[in-house]
Every structure is written in C-alpha cells, then in structure tokens.
Amino acid sequence: MAEQIQAPKGIPEYFPPTGDLFRYVREALTLPVIQAGYKYIELPYFEDAALFSRGIGESTDVVSKEMYTFTDRGDRSLALRPEGTAGVIRSVIENSLTQQGLPMKLWYAGAFFRAEKPQKGRYRQLQQVGIEAIGADSAALDAEVIAIGYQAFFNLGLRNFELQITSLGCINCRPTYRSLLQSFLANLDLDEETKARAELNPLRVLDDKRAEVQKLVQLAPLMLDHVCEDCLTYHNEVLEYLDAQHIPYLVNKKLVRGLDYYTRTTFEFVHHGLGAQSGIGGGGRYDQLMKILGGQDLSGIGFGLGVDRALLAAESEGIDLAAKLNRPIAVLATEPAMTKLAFALSAELRQAGFVVDQVTNAKNLKTGLKIAARLGAAAAVIIGPDEVATGVYAVKMLDSGVQITAGLGELGSVIAQHLALDTKAT
Ligand code: HAM
C-alpha cells in the first residue's frame, strides 16, 4: 500500500460531526458584525512579507519567529498572513477605500498562519472573524467595536469569559513611559535574552509568562498610570460607554498584546475555561498604522475573534451547539420505483426552506428510518406505494415517534407545525 500522507502539524481540521459546529460558531460570531453594518472584505492569503514586518513590528514574536515566509518564482519575498489588520489597511490604502466615506467599517473571516508551538487551542492555521473601523477618533466607535465582540461571544452562549481593557497611550506619552520602563528593567537581574527584549520591546517583558520574571516585574511602572491627560480622558470615556451598555469589564493595566501597532484602547476577551490559551479574541486602536504603511494619517480600531478557541470555549461551557443546527428532514422512498417522486418532493421541500436529506440508499422502510436517525433528521417523509396511490404521505416525527399524514400541497406547513411541537416536547 502507498504511504499515507498526513496533514501538516498543528493544523486543526473540522469534519463531521464537528464541521458544522465550527461553521455555526463562525456564523454566530459574524451575525452581530453584519447587524452593525460592517461591509465584507476578502483579502489575499499571502502578501509582501514587508507588509507584516513593517505593520506588526519586526521585534514581535509573530513576525520574528512565527511567520511563514517564502520566495516565489519571481524572487519576491511573500508571507502567509499571520493576522488581518495589516492586509486590510494595505487594501484600504491601495484601493483608496476611504474615499467611500469615513469611518470605513470592514469585516473579514478566514484562516491566518503562525508557526507557533502547537497545543490545544494554539494552532499553526487559526481562524478569525475580524473587523476594522478606519478613520474616526471617537470613544463611541471604540465602544461599538468592543460591544460587537462582547455580543458575539454572548450570543454564542458563552458566559465564563471576561473583557479586559486598558490604554496603551499615544505617540506623545508612550515614548516617555517606554524609557521609564526600560530604566526599571535595566536594574533587574534578567537573563540575556530578556535583557535584549527589554531593549527592543520592553512592554513584552511585562507579558513574560515565567513566574520568576513575573515576580521581578511586579513593581514595574504601568502604561495606564503614565498616559497623558488626553489619553486618560479618552479611556474613561470608552469605559463610560461600556457602562451605559452594561458591558462588564476589568481594567487590566498589565494587558500587553503581541502586535506592536496598538495605541490607546486595547482589549482582550479572556475565557476562564481554556487554560493557557485563554484569549478568545482581542483588538484595539492602531492610530499610526496607516501612516506607517504609507497611507494617510488616519486612525483605526478593530478586533480579531478566534473561531477555533470560541468553539473550544463553547464546549468547555457545555453549550449544546448541535441543538442549534437546523436538523434535516429525511425523504425516503421505500422502493426504487418511488425514487423519482422522492427526488421531486425533496426539491419542493428545500424550496419551502427546509434542510432536506434525500435518502437514496434505503432498501426498505426499516433501513430508511435507521439512516434517517443516523443523519440526525427531525422527521422522515415516507414515500411508498400506498402514499403514491392515495396522494397522502406519512411523516414520522423522529424524536417523539408520532406519525402524521399530509397531502402534497400541505406537506411543508404540516411538517413545520409538528416540528415546533416536537421540539417543545423534547
Ligand atoms: P490576536 O490577538 O493576535 O489579534 O489574534 C486574535 C485572536 O485570534 C486571539 O484572541 C485568539 O483567539 C486567536 N488566535 C491567535 N493566534 C492563535 C493560534 N495560534 N491558535 C488559535 N487561535 C489563535 C490579531 O490578530 C489582530 N489582528 C486583532 C485586531 C484587529 N486588532 C485590531 N484589529
């Protein structure tokens, strides 16, 4: 036998019965985004590698350690996208999208790639639903973005999560704070690698997961205590909007994100049931990014919600996602001669809005019903010689076992009525 080929390491696959649960999670996370009027953007899965090193930051782990970079046949240096924000801003600049009016509110969904050490909830191909709102400095917009993310997780049914928020300051106050933090870190007994990181990207040291480093940085100065007047007012205004919408949050002054473009409002959704990979979504403002990428001096804010982790979070909370999927109606012909009629009836019921799974491999009623049960069908429409002769069809409600009958024209409405009763009964 030929050698089997396996999927690359660290890539999650979603196949039945989980595939549709994954799709459901992605759709549930998307719905509040669409309801808020964001417009869809479809972007390349690979870009000029320089877009990410310049946009996300050369010294971030995402760029320096985790990027899938390759040279194409034209000797161009390209990278699989590790995140969505840089690509959105590149497209906004290149296609002059801001001419369509500000703020430009966009959303996207798809796969991103990071060569991380794989473990549960940390994958090399990860999926996000993301939004970016470009070109408005307004605390109300920040609160809108955060509220959409909160609503997305809440609607999915998640409760065991927390919104953490802080301000990372602006170009006026961040450099002063950065030097202050660097002086503090310079006096600590850190290993060489961490010392180097303190020079390049001192905020990342605060995010070091090692207990000994956490102990050392316990008394480190924190950005939120050193933001300028304007940033503080802005931050408090965002919190007021969140209060007004009754969105609970925790101000976490130690919140550090893995991407360098953040300024001012920065947030993360943390789930308590996921262990180390607890970030189910995150985002913030990036007021310099568009300028850094060669565009106008316009600000932006957005988030990325992790679909893989949201699915794990839902499972950890025992949410019955399968129950939220539309169960099919099985259409069974009990004899091969009835198959054509089953085919036509299936099409008709689909037109009426039902999910219909036509069972083409049933040898008789018994095996047909077995197959219908395996498909998770809510009801089975049975087409046998009697039904054809009388024009009255038997419909078996598969949860309760109740059998009803309906004529051709009323099949759809009778099924709908009984489905509602059957779900109430179960
Ligand atoms: P991020 O925090 O790097 O932000 O990613 C957003 C979410 O993607 C995370 O909270 C997590 O749920 C999920 N995620 C990230 N890496 C992995 C992984 N290796 N495996 C599984 N899930 C993962 C961004 O990507 C920013 N672009 C978000 C943003 C948009 N900020 C402003 N606008």
Side-chain angles (χ1 to χ4, degrees), residues 8 10-11 41-95 97-98 104 106-118 122-134 168 171 174 196-197 199-204 207 256-263 266 268 277 279 281-309:
I11 312 260
I41 182 165
E42 180 72 39
L43 293 164
Y45 272 60
F46 54 89
E47 298 261 12
D48 188 331
L51 170 67
F52 303 117
S53 43
R54 218 184 326 147
I56 299 169
E58 203 84 63
S59 67
T60 58
D61 283 356
V62 170
V63 168
S64 66
K65 296 188 188 154
E66 298 164 3
M67 211 146 72
Y68 284 100
T69 310
F70 61 98
T71 309
D72 76 355
R73 283 158 212 250
D75 228 16
R76 285 170 282 258
S77 176
L78 300 168
L80 294 185
R81 59 183 194 182
E83 60 98 56
T85 313
V88 169
I89 300 302
R90 196 256 325 125
S91 183
V92 166
I93 298 169
E94 191 171 336
N95 300 301
L97 298 188
T98 53
M104 187 78 210
L106 301 165
W107 77 274
Y108 51 90
F112 299 91
F113 307 88
R114 298 181 191 180
E116 299 200 72
K117 213 168 151 206
R122 190 202 277 167
Y123 306 123
R124 293 187 168 170
Q125 175 178 295
L126 57 119
Q127 303 245 0
Q128 289 183 9
V129 169
I131 71 174
E132 313 294 345
I134 298 141
L168 288 182
I171 42 166
R174 177 98 68 90
R197 187 171 316 139
E199 276 307 305
L200 263 168
N201 200 340
L203 261 84
R204 297 289 312 160
D207 194 34
V256 178
R257 306 262 302 125
L259 313 159
D260 274 357
Y261 48 61
Y262 291 113
T263 53
T266 308
E268 210 157 84
Q277 308 309 319
R285 272 207 159 265
Y286 41 85
D287 291 346
Q288 307 305 312
L289 182 60
M290 196 155 163
K291 204 165 76 176
I292 288 171
L293 293 178
Q296 295 162 273
D297 189 4
L298 288 176
S299 64
I301 177 163
F303 64 54
L305 310 182
V307 186
D308 312 86
R309 288 188 192 169

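This one's a predicted model, so the numbers in the text were calculated from it and none came from an experiment.
Across all their heavy atoms, Met104 and Leu97 have their closest contact at SD-O, 3.3 Å. Ala49 approaches Met67 most closely through the heavy-atom pair O-CE, 4.0 Å. In plain terms, the two heavy atoms of Val88 and Ile41 that are nearest each other are CG2-CG2, 4.5 Å. In terms of heavy atoms, Leu51 sits closest to Ala86 at CD1-O, 3.7 Å. Minimum interatomic distance between Ile131 and Trp107 (heavy atoms only, all atoms of both residues): CG2-CB, 3.8 Å.
Taking Glu199 as the reference, nothing meets the salt bridge (Lys or Arg N to Asp or Glu O under 4.0 Å) condition, with sequence neighbours excluded. Under the side chain to side chain donor-acceptor pair (under 3.5 Å) criterion, Asp72 pairs with Arg76, not counting sequence neighbours. Arg285 is linked by a salt bridge (Lys or Arg N to Asp or Glu O under 4.0 Å) to Asp137, Asp142, Asp287, counting only residues two or more places apart in sequence or in another chain. Evaluation of the salt bridge (Lys or Arg N to Asp or Glu O under 4.0 Å) rule for Arg174 yields no partner, not counting sequence neighbours. In this view, Tyr261 and Glu83, Thr85 satisfy the side chain to side chain donor-acceptor pair (under 3.5 Å) rule, not counting sequence neighbours. With sequence neighbours excluded, the residues forming a salt bridge (Lys or Arg N to Asp or Glu O under 4.0 Å) with Arg257 are Glu268, listed by chain and number.
With Arg124 contributing its side chain and Glu116 its backbone, the two residues share a donor-acceptor pair below 3.5 Å. Panel note: side chain Arg114, backbone Lys65; no donor-acceptor pair is recorded below 3.5 Å. Of the possible donor and acceptor atoms, none in the side chain of Arg309 sits under 3.5 Å from a partner among the backbone N and O of Gly281.
In this structure, the separation between CZ on Phe52 and OH on Tyr68 is 14.5 Å, given to the nearest 0.5 Å. The line from CG of Asp260 to CD1 of Ile56 is 9.5 Å long, rounded to the nearest 0.5 Å. We find the OG-CG distance between Ser91 and Leu43 to be 5.5 Å, quoted to the nearest 0.5 Å. For the atom pair Leu126 CG and Phe112 CZ, the distance stands at 7.5 Å (nearest 0.5 Å). Atom CD1 in Ile134 sits 7.0 Å away from atom CE in Met290 (nearest 0.5 Å). Taking OH of Tyr123 as the start and NZ of Lys117 as the end, the distance is 16.0 Å to the nearest 0.5 Å.
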- What do the steps show when you test Gln125 against Leu80 for side-chain contact (heavy atoms from CB on, under 4.5 Å), and what is the final call? CA-CA 10 Å; Gln125 175 178 295; Leu80 294 185; over 6 Å; no
- Task: Using the side-chain contact (heavy atoms from CB on, under 4.5 Å) rule, take Tyr45 and Phe113 through it: C-alpha gap first, then chi angles, then the decisive distance, then the call.
- Result: CA-CA 9 Å; Tyr45 272 60; Phe113 307 88; 3.7 Å; yes
- Message: Does Val92 form a side-chain contact (heavy atoms from CB on, under 4.5 Å) with Leu298? I'd like the steps, not just the answer.
- Response: CA-CA 11 Å; Val92 166; Leu298 288 176; over 6 Å; no
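For the pair Glu58/Leu200, no side-chain contact is recorded, criterion being any heavy-atom separation below 4.5 Å from C-beta on. The shortest distance between side-chain heavy atoms of Val63 and Pro82 does not fall below 4.5 Å. Side-chain contact check for Leu259 versus Tyr286: every heavy-atom pair is 4.5 Å or farther apart.
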